[in-house]
Asks: 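Okay, here's the structure, questions in a sec.
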Amino acid sequence: KKKYRLLPALIWLLVVVVALLTPGNNLPKVPLFPYADKLVHLGVFGLLTFLWCRVGTLDKEGEIKSGKLLTNILVFSIFFPILLEYLQMYVPNRSFEFADILANLLGGLIGFSGFIILYKVKHPLV
């Protein structure tokens, strides 16, 4: 069960990279409401962080390995979202936006919080 945690995290990571580094003119133009893209960033990075919080962060007794969890959080909810937003400056019809970084970071915080809440209630998703 626990050994299959890496695959969903890697697949979602690939989806995120492809989606965020796809030229803007290849993306659908469907603004549902103002700032809908910020909600998308929030959800994308919330799920990414949650999935990576599950990878290698629990020991055999089910206790959190703080160092591994901290590493995953730093990489997938802080460093990686900022890097991807920065790289968008070099993708045609995409741009760097501080508001996107804030949405990414908030999404990461939500994903981490969800992981901790589910861990505390011993939910099978963790």
Side-chain angles (χ1 to χ4, degrees):
K1 166 180 148 181
K2 290 182 183 177
K3 67 181 180 179
Y4 298 108
R5 293 176 177 200
L6 182 60
L7 187 59
L10 284 174
I11 289 170
W12 189 244
L13 180 66
L14 181 61
V15 167
V16 170
V17 169
V18 169
L20 291 180
L21 298 181
T22 296
N25 55 337
N26 294 339
L27 298 173
K29 308 262 187 285
V30 188
L32 302 174
F33 51 88
Y35 306 107
D37 68 311
K38 304 307 178 247
L39 265 179
V40 170
H41 280 264
L42 191 92
V44 162
F45 285 98
L47 181 57
L48 183 70
T49 299
F50 177 80
L51 291 173
W52 281 98
C53 281
R54 299 174 63 232
V55 177
T57 58
L58 301 178
D59 63 19
K60 290 181 183 186
E61 290 79 38
E63 298 297 317
I64 291 178
K65 296 190 246 179
S66 300
K68 179 64 175 167
L69 182 60
L70 180 60
T71 299
N72 287 5
I73 290 166
L74 290 174
V75 170
F76 296 103
S77 70
I78 298 173
F79 173 75
F80 193 69
I82 293 171
L83 175 65
L84 277 179
E85 191 62 30
Y86 173 78
L87 291 175
Q88 284 185 340
M89 288 193 305
Y90 303 102
V91 177
N93 299 310
R94 297 300 290 259
S95 62
F96 175 92
E97 292 184 37
F98 282 108
D100 285 348
I101 288 180
L102 291 176
N104 297 349
L105 297 176
L106 184 56
L109 180 62
I110 290 169
F112 168 68
S113 299
F115 173 80
I116 294 299
I117 290 166
L118 293 176
Y119 170 78
K120 288 186 177 198
V121 299
K122 305 202 181 312
H123 196 279
L125 279 177
V126 174

Asks: Starting from the C-alpha separation in whole Å, work towards a yes-or-no answer on side chain to side chain contact (heavy atoms under 4.5 Å, CB included) for Arg5 and Leu58.
Replies: CA-CA 11 Å; Arg5 293 176 177 200; Leu58 301 178; 3.8 Å; yes

Asks: Over all heavy atoms of both residues, which pair between Thr49 and Phe76 is shortest? Give the atoms and the distance, please.
Replies: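 Smallest heavy-atom distance, with atoms named: OG1-O, 3.6 Å.
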
Asks: Under a 3.5 Å distance rule, please check whether Trp12 uses its side chain to pair with a backbone N or O of Val44 as donor and acceptor.
Replies: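 Side chain of Trp12 to backbone of Val44: a pair is present.
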
Asks: Pairs under 3.5 angstrom only: tabulate donor-acceptor contacts from the side chains of residues 82-91 to other protein residues two or more places apart or in another chain.
Replies:
from: Glu85; atom 1: OE2; to: Glu97; atom 2: N; distance (Å): 2.8
from: Tyr86; atom 1: OH; to: Tyr90; atom 2: OH; distance (Å): 3.0
from: Gln88; atom 1: NE2; to: Leu20; atom 2: O; distance (Å): 2.9

Asks: For Leu48 and Ser77, run side chain to side chain contact (heavy atoms under 4.5 Å, CB included): C-alpha distance rounded to whole Å, both residues' side-chain angles, the deciding distance at 0.1 Å, then the answer.
Replies: CA-CA 8 Å; Leu48 183 70; Ser77 70; over 6 Å; no

Asks: Supply the atom-to-atom distance Ile64 CD1 to Ile116 CD1, rounded to the nearest 0.5 angstrom.
Replies: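 Ile64 CD1 to Ile116 CD1: 4.0 Å, rounded to 0.5 Å.
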
Asks: Kindly compute the distance separating CG (Leu105) from CG (Leu42), expressed to the nearest 0.5 Å.
Replies: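 It comes to 10.5 Å.
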
Asks: Same cluster or not: Leu10 versus Phe45, using hydrophobic residues (I, L, V, M, F, W, Y) connected whenever any side-chain heavy atoms lie under 4.5 Å apart?
Replies: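 Yes, Leu10 and Phe45 fall within the same hydrophobic cluster.
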
Asks: Is it possible for you to say whether Leu125 and Tyr119 belong to one hydrophobic cluster, with membership spreading through side-chain heavy-atom contacts below 4.5 Å?
Replies: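 Leu125 clusters together with Tyr119.
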
Asks: Do Ile117 and Ile73 share a hydrophobic cluster, counting only Ile, Leu, Val, Met, Phe, Trp and Tyr and linking them when any side-chain heavy atoms are less than 4.5 Å apart?
Replies: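 As far as the 4.5 Å side-chain criterion goes, Ile73 and Ile117 are not connected within one cluster.
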
Asks: Sub-3.5 Å donor-acceptor pair from the side chain of Arg94 to the main-chain atoms of Thr22, do we have one?
Replies: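 Yes; at least one donor-acceptor contact below 3.5 Å.
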
Asks: Just say parallel, tilted or perpendicular for the rings of Phe50 and Phe115, cut-offs at 30° and 60°.
Replies: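 Ring orientation of Phe50 relative to Phe115: perpendicular.
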
Asks: Assigning hydrophobic clusters by single linkage (Ile, Leu, Val, Met, Phe, Trp, Tyr; side-chain heavy-atom cutoff under 4.5 Å), is Leu102 placed with Ile110?
Replies: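 No; tracing contacts between hydrophobic side chains, which count when under 4.5 Å, never links both residues.
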
Asks: Using the side-chain hydrogen bond (donor to acceptor under 3.5 Å, both in side chains) rule, collect all pairs that involve residues 104-115, keeping only residues at least two apart or in two chains.
Replies: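 Qualifying pairs: His41-Asn104.
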
Asks: So how far is it from Phe112 CZ to Leu70 CG, rounded to the nearest 0.5 Å?
Replies: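 So the CZ of Phe112 and the CG of Leu70 are separated by 9.0 Å.
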
Asks: Could you see if Phe98 belongs to whatever hydrophobic cluster contains Phe79? Use Ile, Leu, Val, Met, Phe, Trp, Tyr and a side-chain cutoff under 4.5 Å.
Replies: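 Looking at the clustering, Phe79 is in the same group as Phe98.
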
Asks: In Å and rounded to the nearest 0.5 Å, what is the NZ to NZ distance from Lys122 to Lys120?
Replies: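 The NZ atom of Lys120 is 10.5 Å from NZ of Lys122, to the nearest 0.5 Å.
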
Asks: Hey, which of Thr57, Val55, Leu74 is the one that makes side-chain contact (heavy atoms from CB on, under 4.5 Å) with Leu69?
Replies: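 Single pass found, and it is Thr57.
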
Asks: If you round to the nearest 0.5 Å, how far is CD1 of Ile78 from CD1 of Ile101?
Replies: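 The CD1 atom of Ile101 sits 12.0 Å away from the CD1 atom of Ile78.
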
